[in-house]
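Accompanying notes for the structure given below.
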Amino acid sequence: MGEFKVHRVRFFNYVPSGIRCVAYNNQSNRLAVSRTDGTVEIYNLSANYFQEKFFPGHESRATEALCWAKGQRLFSAGLNGEIIEYDLQALDIKYSMDAFGGPIWSMAASPSGSQLLVGCEDGSVKLFQINPDKIQFERNFDRQKSRILSLSWHPSGTHIAAGSIDYISVFDIKSGSAVHKMLVDRQYMGVSKRKCIIWGVAFLSDGTVISVDSAGKVQFWDSATGTLVKTHLVANADVQSIAVSDQEDSFVVGTAEGTVFHFQLVSVTSNSSEKQWVRTKPFQHHTHDVRTVAHSPTALISGGTDTHLVIRPLMEKVEVKNYDAALRKITFPHRRLISCSKKRQLLLFQFSHHLDLWRLGSTVATGGKTSGKFLVPGKHGDTLPLSKDADHLLQLKTKGPENIICSCVSPCGSWIAYSTASRFFLRRLNYEHDNLSLHRVSKMPACLRSAVQIMFSEDSTKLFVASNQGSLHILRLLEGSFKHLHTFQAQSGTVESMCLLAVSPDGNWLAASGTSAGVHVYSVKRLKIFEYSIPDKQYTEWSRAIQKQGFHHHWLQRDTPITHIGFHPKRPAHILLHDAYMFCIIDKSLPLPNDKTLLYNPLPPTNESDVIRRRTAHAFKISKKYKPLLFMDLLDEGTLVAVERPLDDIIAQLPPPIKKKKFGT
Amino acid sequence: MAALEEEFTLSAVPLGAGPDGLLGVEQCDKTDQFLITDGGRTVILYKVSDQKPLGSWSVKQGQVITCPAVCNFQTGEYIVVHDSKVLRLWTNEDVNLDKVFKATLSAEVYRIHSIPGTEPLVLFKEGAVRGLEALLAEPQQKIETVISDEEVIKWTKFFMVFRHPALIFITEKHGNYFAYVQKFNSSVLSKYTLLLGQEENFVIQSFTASLDRKFISLLSLSSDGCIYETLIPIHPSDPEKNQQPRVVRSLLLKTVVSGNARNALSVLDQDHVAVLGPPLPASKECLSIWNTKFQTLQVSKELPQGTSGQLWYYGEHLFMLHGKILTVIPYKCEMSSLAGALGKLKHGQDSGTQTMPHFVNWETSQGYGLESKNSEPSKRILRRRTIEPSVQPEVPASQQLLSIIKKDSEKHIEIELRKFLATKRTPDFHTVIGDIAIGLLERCKTEPSFYPRNSLMQLIQMHVLSYSLCPGLMEVALEKTDIQMLQLCLQQFPDIPEAVTCACLKMFLSDAVQDEKMEEQMGILQNGFNPEEDNCDNCDKELSKKPQKTVEETTSCPVIPKRAALLNAVLHSAYSESFLLPHLKDIPAQHITLFLQYLYFLYLKCNENATMTLPGIHPPTLNQIMDWICLLLDANFTVLVMIPEAKSLLLSLYKFVKSQICICSELNKIEVSFRELKKLNQEKNNRELYSIEVLELF
């Protein structure tokens with residue numbers, strides 16, 4: 001297969017933002033995750049936890065609550081006091097509406113999905129009616145003394161529980177008045193804390209209200225009498241989140257110490273009908289605060305300040321013990337944050353509010369053995385001496401509060417394009433010896449407002465922009481200027497936006513994939529649209545063969561989605577693909593592996609003869625050397641670039657976690 | 001750990017009508033049967049496990065039993081004295097005490113003593129002692145006066161001292177106590193004055209005594225609530241001397257009971273005493289078990305209805321009057337071995353060859369894969385079963401076997417045991433095996449000629465026994481110098497007390513091994529089992545031959561292969577240093593030298609190869625060898641230094657230690673540099689933000 005020179009890059013100091021809310025949708029098996037920078041991501045739990053949609057963040061939009069309502073509609077509310085509905089088709093914000101109650105701390109959709117409640121800073125609980133196109137304010141409930149931090153509907157929809165500071169109120173939906181007010185003990189391990197914040201409430205159908213608070217307590221209340229039933233002290237710090245399963249037989253709480261506790265309703269004695277809530281399992285997958293938890297039918301989902309989304313399957317609920325039963329930890333976005341200019345060996349890193357352009361270094365090391373046509377100095381595992389270190393060429397900062405959605409550097413290295421939610425930017429780079437100058441290309445066409453994907457053609461003469469309205473724009477790039485060539489309008493009647501773009505090397509063919517998994521292939525020359533959907537006969541012979549034989553069982557057991565696919569420019573039979581933990585080069589000319597062969601072979605076959613080596617060789621060449629791998633591409637025939645982001649470096653940039661006593665120190 | 005089990009009452013009939021409660025509880029010739037003599041006129045024979053009386057005898061109205069009834073172990077007759085002078089002898093068949101044999105004596109009897117293995121003794125109130133046979137031959141014989149006027153016998157006990165009976169009795173006169181020891185092999189009566197120490201004005205409430213090696217340890221409970229110990233020599237230093245020797249009592253346990261009430265004391269074993277009485281002046285009476293070695297209260301049981309202040313201890317049962325009801329509290333003290341908890345565990349290598357876990361999984365202790373071993377005997381049994389229908393199917397097989405063990409011949413037991421072992425294992429298999437072993441051992445103790453060696457070996461080889469499951473086994477084997485059994489025990493048991501390990505070591509190092517060598521080998525061949533051991537022997541033979549052949553400079557093995565195999569078994573056993581050290585000091589210096597030479601030889605063998613291991617299936621590890629060398633030197637250094645033949649050995653050991661220290665310090669230096677290298681390497685891997693590397697895909 002060959003040897004490669006690998007540029008191992010670790011200077012992409014990207015830190016994902018912390019997770020603030022998660023909301024699980026049972027109908028579509030999707031998970032909405034909002035981060036502290038306002039980004040909202042949608043994960044498809046059925047499709048290997050792939051992050052399939054994403055809404056860019058905004059500086060002023062600190063999301064505090066996220067919920068699904070009326071089936072597939074997603075709402076968020078935040079400290080700017082607005083309720084936002086997202087358009088999951090167009091990947092856009094449908095509308096935002098001010099609730100006029102100050103910052104919103106909590107939100108809950110009614111069990112029927114037709115009503116939305118928000119809890120505000122001024123102590124008001126506001127009820128909204130969800131109409132097909134918008135939401136409409138209906139009424140205010142009795143105003144409380146302080147902010148409403150948590151809300152929960154009774155499954156019948158007649159009552160709600162609202163957690164405030166130092167007390168929990170139970171409201172009657174019809175009258176809008178508080179039925180009960182349950183005072184929470186401020187005492188914490190004998191010491192009186194100033195305030196006890198009710199971070200979360202859950203209303204069960206039998207009338208039990210479960211509250212979690214800043215004193216580390218999980219408490220069970222009887223809402224009919226307003227009395228405390230039971231207290232579990234689970235942490236020395238705040239318990240910040242709670243989520244109950246649909247069957248109401250288990251719930252999960254997350255603490256500021258990074259621990260997640262699972263509570264289950266179990267029989268007091270075997271074969272007795274009397275049941276009791278018991279703290280069953282603690283999980284420590286987080287180092288920092290667990291700000292939010294969700295309970296899917298088969299898994300506990302948690303997220304927090306340490307930026308990991310942890311999906312912990314419940315072993316008793318997973319029927320087949322396969323890879324679905326494994327713990328998932330998702331840290332990095334599945335979209336591309338890095339683009340690369342092969343010609344000039346540049347890397348463009350995308351951050352939320354700026355772009356970094358780096359030039360890779362080089363080595364003068366020669367010698368070693370020849371592999372194929374080119375020369376690779378040194379042997380496997382060697383680190384080559386650097387003749388020139390990597391340079392930070394440029395930092396581009398955006399103006400305004402909006403986050404960058406996507407960015408791209410052209411293969412020739414002289415263009416940079418990026419987009420925020422409301423504007424598209426194109427920059428021209430000029431290289432004069434070692435000096436670099438940047439020019440803004442102004443007067444963008446009015447149709448080019450924002451983009452979800454940007455792509456340059458291989459020869460850098462064309463720019464393809466997928467907008468969030470489902471249209472595809474083609475621009476011809478000239479020296480310092482551009483010309484709008486064509487716009488492919490979206491299919492009639494659909495507004496779905498394009499998520500993925502790919503261009504054929506000759507620039508004549510363009511493939512785009514939308515959110516509904518259809519693939520569109522456009523001929524750029526003839527400006528016609530060919531469309532092929534996935535089950536069509538466009539699969540090649542090779543892919544048919546692999547479908548027939550089936551993938552290697554280890555390959556199918558991988559649990560991370562492939563995040564990037566590339567082709568070898570000179571060898572069309574080679575496909576390069578990678579996920580966060582490995583990369584793989586598939587050589588279509590070699591036989592496919594069967595289940596008996598070793599899929600992953602980390603060590604060089606030293607003592608085996610060439611014959612055995614040839615016999616055991618198969619199409620999948622895998623390396624797990626670089627992880628977590630954010631980006632990998634071929635720069636030229638024998639050179640790869642790999643961008644790693646070690647988790648330790650991310651943790652080092654997070655605020656320190658709560659100190660916990662260890663071994664009596 | 002000492003433990004009291006759930007109490008049970010022997011009779012619903014109130015006993016102890018008199019002010020002094022019961023006269024006595026005495027053992028019978030049959031196990032589990034006891035003679036209870038009530039203060040009035042009645043003697044009752046009880047079977048304790050059934051909690052029911054087997055017989056009851058009363059004297060006529062107007063007569064009073066003055067001395068507890070005892071059983072003559074030689075004839076099975078019962079003996080009682082009424083009205084101080086009238087002796088009655090009867091058996092189980094007799095109904096009326098009036099009609100049984102009667103002998104009127106010339107002096108008043110204090111007690112009749114009877115213990116297994118000797119004829120009963122009659123102690124008269126004046127201190128004279130007669131054997132029963134001699135007395136019955138001439139009932140009206142003149143009885144001399146031994147003790148002075150006004151001197152009153154307070155307490156008495158009869159012992160067997162090295163197969164010779166000895167009687168001790170305590171008398172009191174004006175607050176002074178005297179101890180008399182009467183030995184019957186030499187007919188010497190020694191008198192001692194008990195010096196009470198400072199607490200002269202306290203009354204002694206209760207006595208109890210146990211036998212040490214050279215002393216009778218007399219424990220007394222004073223009215224100040226403390227237990228004192230007095231050591232009375234069994235063999236008086238010079239009996240010719242006229243001057244009365246004095247024995248001083250020393251404080252053993254402080255304030256275990258509050259005074260004034262009627263308290264009782266009984267020695268349970270070497271380290272445990274039972275005390276009956278209220279622990280605090282106001283509190284109710286308690287039965288407490290104290291460990292005298294550690295001065296700790298082991299267990300206590302409240303007796304709210306009060307007692308008569310009397311306590312008897314036989315076998316595993318404590319007898320007392322609780323209220324007016326005779327109550328039995330079973331008492332158990334299992335030997336605790338700390339080695340398992342904090343000592344050196346058996347080496348991990350053992351687990352490979354020893355398939356049997358030492359821990360019992362209570363859920364799944366069934367189905368150990370020993371079917372292959374048992375398959376052949378089971379066939380045989382099947383054949384036999386067709387001939388003779390199984391007897392009493394309702395009784396568990398283990399119970400049947402236990403009853404067989406009690407009476408049948410060795411050969412028969414062996415056959416029955418094999419039969420039993422071939423049957424399917426029950427979850428409580430290991431406890432059953434333990435019970436069988438204990439049953440066999442109990443019979444060994446009562447019947448000196450009985451030694452079911454093959455059966456015991458078979459039991460040990462079931463891999464489920466441990467020392468604590470059959471505490472007496474190794475002691476019996478030691479007594480019989482059964483070296484092969486000891487070796488097997490050392491290999492199998494995970495929890496052998498250090499004292500026993502040391503006793504084994506002592507025996508292995510003694511000449512007994514040499515003598516019995518041939519005999520034992522024959523034994524192995526005859527019995528035709530235990531391939532494991534043969535292997536071990538072979539490996540050691542190999543081990544000892546090898547150096548002679550190949551390496552000239554290393555010394556040859558100082559011990560014969562047989563002994564080497566035995567010593568290796570000791571090396572493998574678990575121990576804790578602090579418990580082993582005192583026992584190692586008892587081993588003679590010559591033996592220590594020999595053992596050290598052997599260990600040194602092993603050590604040299606270890607050093608021959610790079611992995612520092614010995615050849616063979618189950619070799620001692622280097623750590624075990626080094627630990628034992630250190631232990632032996634620690635325990636016996638002063639002695640060894642004085643012995644000329646140990647000098648060269650010590651010198652070479654010293655040299656070795658020195659070279660080891662050198663190597664260690666060098667290794668330490670290297671380790672530091674390696675660590676630095678590793679750190680450098682890690683930094684290279686992790687800290688570098690940018691590098692160009694070569695990657696080859698395979």
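Convention: sequence-line order gives letters A, B, ...; per-chain numbering from 1.
Crowding of A:K388 atom NZ: a count of heavy atoms from other residues, nucleotides or ligands under 6.0 Å exceeding 12. For B:F674, the CZ atom counts as loosely surrounded, since its 6.0 Å shell holds 12 or fewer non-hydrogen atoms of other residues, nucleotides or ligands.
Between B:Y690 and A:H7 the shortest side-chain heavy-atom distance falls below 4.5 Å.
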For this session: Show your working on side-chain contact (heavy atoms from CB on, under 4.5 Å) between A:L384 and B:V694 and close with a plain yes or no.
Result: CA-CA 7 Å; A:L384 302 175; B:V694 178; 3.9 Å; yes
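Here B:I692 contributes atom CD1 and A:D389 contributes atom CG; the two are 9.0 Å apart, rounded to the nearest 0.5 Å.
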